[in-house]
There are 2 protein chains.
Amino acid sequence: MMRGDLRGALRVTKALADAQRIRILMMLERGEFCVCQIVEVLGLAPSTVSKHLSILAAADLVVSRKDGRWAYYRRPDSDPSAGPRAPLDWLNRTLQDDPQIRADRKKLAAVVARRPEELCRKQRMMA
Amino acid sequence: MMRGDLRGALRVTKALADAQRIRILMMLERGEFCVCQIVEVLGLAPSTVSKHLSILAAADLVVSRKDGRWAYYRRPDSDPSAGPRAPLDWLNRTLQDDPQIRADRKKLAAVVARRPEELCRKQRMMA
DNA sequence: ATTATACTTCGCCAAATGGCCACATATACA
DNA sequence: TGTATATGTGGCCATTTGGCGAAGTATAAT
């Protein structure tokens, strides 16, 4: 993208200025996940998570991939020089030992052990 | 400070998620300035600028120094490894050619040429 | 073809944010 | 001491933001 103007930078910093979105980004350091998996870890409504993901995507902090009914999100596998790699690395370093992030990682491990269908079914039951 | 938790990181990212505060930080890359000088460049009410500065200070992105009636703000002259140096460097790189930031730099040059008293006097006249 | 399902978009509401003015505080100068 | 002045704080208001549920969309399964 390479915008390089204040508006573009603000899109990034505003995207980073929310706890749930930071949690999502830290998740995605571990790999590529579908929306229902992210929903399960965050404990928010799917519509809410979807909106967060669209904000992150608009800032080029994540990219999406459709596969059947599922939508997978991951960190862009792009050049480390350009793009907002620097603030993300900083977050990574800073939050390595944060209790919330550690808890998310633990929950993530349990989540990836299941098939996505089960997650979605469970989430429908709760709602 | 070295907080290292999500709350501390959010204080930083939220502080960076505002155009005026980014403009202030870019100004302070050029040196140390008093509130009335920042007011003059941004074109906002002194109370507004003061609040922005307190948000930046709470995130350890600026430090203040009192000298008589004047309060001077600057970037913390601290270790480059710890602290939120990384996102700031990224902003610096990204916004180098932004028109708003360039305009601010130009205005800043005119502002530093005057004595602070004149600026404050002028600002009182306008209000 | 119809139904089920994974996700997104829309509409709404409560809370947070950014702006200003008015006032409070603190320092300097007469 | 008293007054002027540079900055900080509190109250108020308009806008933005984050959350949810309901409805919409698109793909898969029956």
Side-chain angles (χ1 to χ4, degrees), chain A residues 7 10-11 13-24 32-40 42-59 62-74 111 114-127, chain B residues 7 10-11 13-24 32-40 42-59 62-74 111 114-127:
Chain A
R7 185 180 309 195
L10 266 175
R11 237 192 309 263
T13 56
K14 280 175 178 286
L16 296 178
D18 176 88
Q20 330 309 332
R21 288 194 291 268
I22 288 181
R23 292 171 68 196
I24 292 174
E32 183 191 58
F33 302 101
C34 74
V35 178
C36 64
Q37 292 175 311
I38 302 173
V39 164
E40 189 66 19
L42 295 194
L44 295 174
S47 63
T48 304
V49 170
S50 186
K51 189 181 286 188
H52 281 309
L53 286 167
S54 79
I55 291 171
L56 290 170
V62 305
V63 294
S64 63
R65 174 178 72 83
K66 288 285 287 292
D67 181 24
R69 279 173 290 187
W70 282 270
Y72 289 91
Y73 283 83
R74 67 175 187 280
V111 162
R114 305 207 211 168
R115 304 199 333 284
E117 289 96 329
E118 291 181 49
L119 291 174
C120 290
R121 169 183 305 276
K122 197 190 110 190
Q123 286 163 19
R124 259 181 295 114
M125 292 308 178
M126 307 290 285
Chain B
R7 185 182 307 195
L10 265 175
R11 239 195 306 267
T13 56
K14 281 175 177 285
L16 297 177
D18 176 88
Q20 329 309 331
R21 288 195 290 269
I22 288 180
R23 291 171 69 195
I24 293 175
E32 181 190 61
F33 303 101
C34 73
V35 178
C36 64
Q37 293 174 310
I38 301 173
V39 164
E40 189 66 20
L42 295 194
L44 294 174
S47 62
T48 304
V49 171
S50 186
K51 190 178 285 189
H52 280 308
L53 286 167
S54 78
I55 290 171
L56 290 171
V62 304
V63 294
S64 64
R65 173 178 72 84
K66 288 289 284 294
D67 181 24
R69 278 173 292 188
W70 281 269
Y72 290 91
Y73 285 82
R74 66 175 187 282
V111 161
R114 304 206 212 168
R115 303 199 332 284
E117 290 95 329
E118 290 181 50
L119 290 174
C120 290
R121 167 183 308 277
K122 198 191 110 191
Q123 287 162 19
R124 260 180 294 116
M125 292 307 179
M126 306 291 284

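By convention in this document, chain letters (A, B, ...) are assigned in the order of the sequence lines, proteins followed by strands, and residues within each chain are numbered from 1.
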Can you measure [X] atom [atom1] to [N] atom [atom2] for me and round it to whole angstrom units?
X        : N      : atom1 : atom2 : value
B:Gln20  : D:dT16 : CD    : C1'   : 14 Å
A:Leu53  : C:dA6  : CG    : C1'   : 13 Å
B:Lys51  : C:dC23 : NZ    : C1'   : 14 Å
B:Leu44  : C:dC20 : CG    : C1'   : 10 Å
A:Leu42  : D:dC20 : CG    : P     : 10 Å
A:Glu118 : C:dT5  : CD    : C1'   : 15 Å
B:Leu119 : D:dA6  : CG    : P     : 10 Å
A:Glu117 : D:dT30 : CD    : P     : 11 Å

Stepwise salt bridge (charged side-chain N to carboxylate O under 4.0 Å, His left out) check, B:Glu40 with B:Arg114:
CA-CA 11 Å; B:Glu40 189 66 20; B:Arg114 304 206 212 168; 5.4 Å; no
Near DNA chain C, counting only heavy atoms under 4.0 Å, which residues of residues 62-73 of chain B show up?
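The answer is B:Gly68, B:Arg69.
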Any side-chain heavy-atom pair of [X] and [Y] under 4.5 Å:
X        : Y        : result
A:Leu16  : A:Arg21  : no
A:Trp70  : A:Pro116 : yes
A:Glu118 : A:Arg121 : no

So, is [X] near the phosphate of [N], with a side-chain N or O under 4.0 Å from OP1 or OP2?
X        : N      : result
A:His52  : D:dG19 : yes
B:Arg21  : C:dG18 : yes
B:Arg121 : D:dA4  : no

Residue whose nearest DNA chain D nucleotide is more 5′ - A:Ser47 or A:Asp18
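Result: A:Asp18.
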Determine the contact category for A:Lys14: base if any of its heavy atoms lies under 4.0 Å from a base atom, sugar-phosphate if only primed atoms, P, OP1 or OP2 are that close, otherwise nothing.
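If one applies the 4.0 Å heavy-atom cut-off, A:Lys14 turns out to touch the sugar-phosphate alone, with no base involved.
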In terms of the nearest nucleotide of DNA chain C, which residue is placed more toward the 5' end: A:Thr48 or A:Pro116?
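Its nearest nucleotide being more 5', the pick is A:Pro116.
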How about CZ on A:Arg65, more than 12 heavy atoms from neighbouring residues, nucleotides or ligands closer than 6.0 Å, or not?
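Yes - once you tally the heavy atoms of other residues, nucleotides and ligands closer than 6.0 Å, there are more than 12.
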Closest non-hydrogen atom pair between B:Arg11 and B:Ala59, with its separation:
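In this case the closest contact between B:Arg11 and B:Ala59 is O-CB, 3.6 Å.
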List the steps and the verdict of side-chain contact (heavy atoms from CB on, under 4.5 Å) for B:Ile24 and B:Leu53.
CA-CA 8 Å; B:Ile24 293 175; B:Leu53 286 167; 3.9 Å; yes
Counting side-chain heavy atoms from CB outward, which of C:dT8, C:dC20, D:dT7 is closest to B:Ser50?
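So the side chain of B:Ser50 is nearest to D:dT7.
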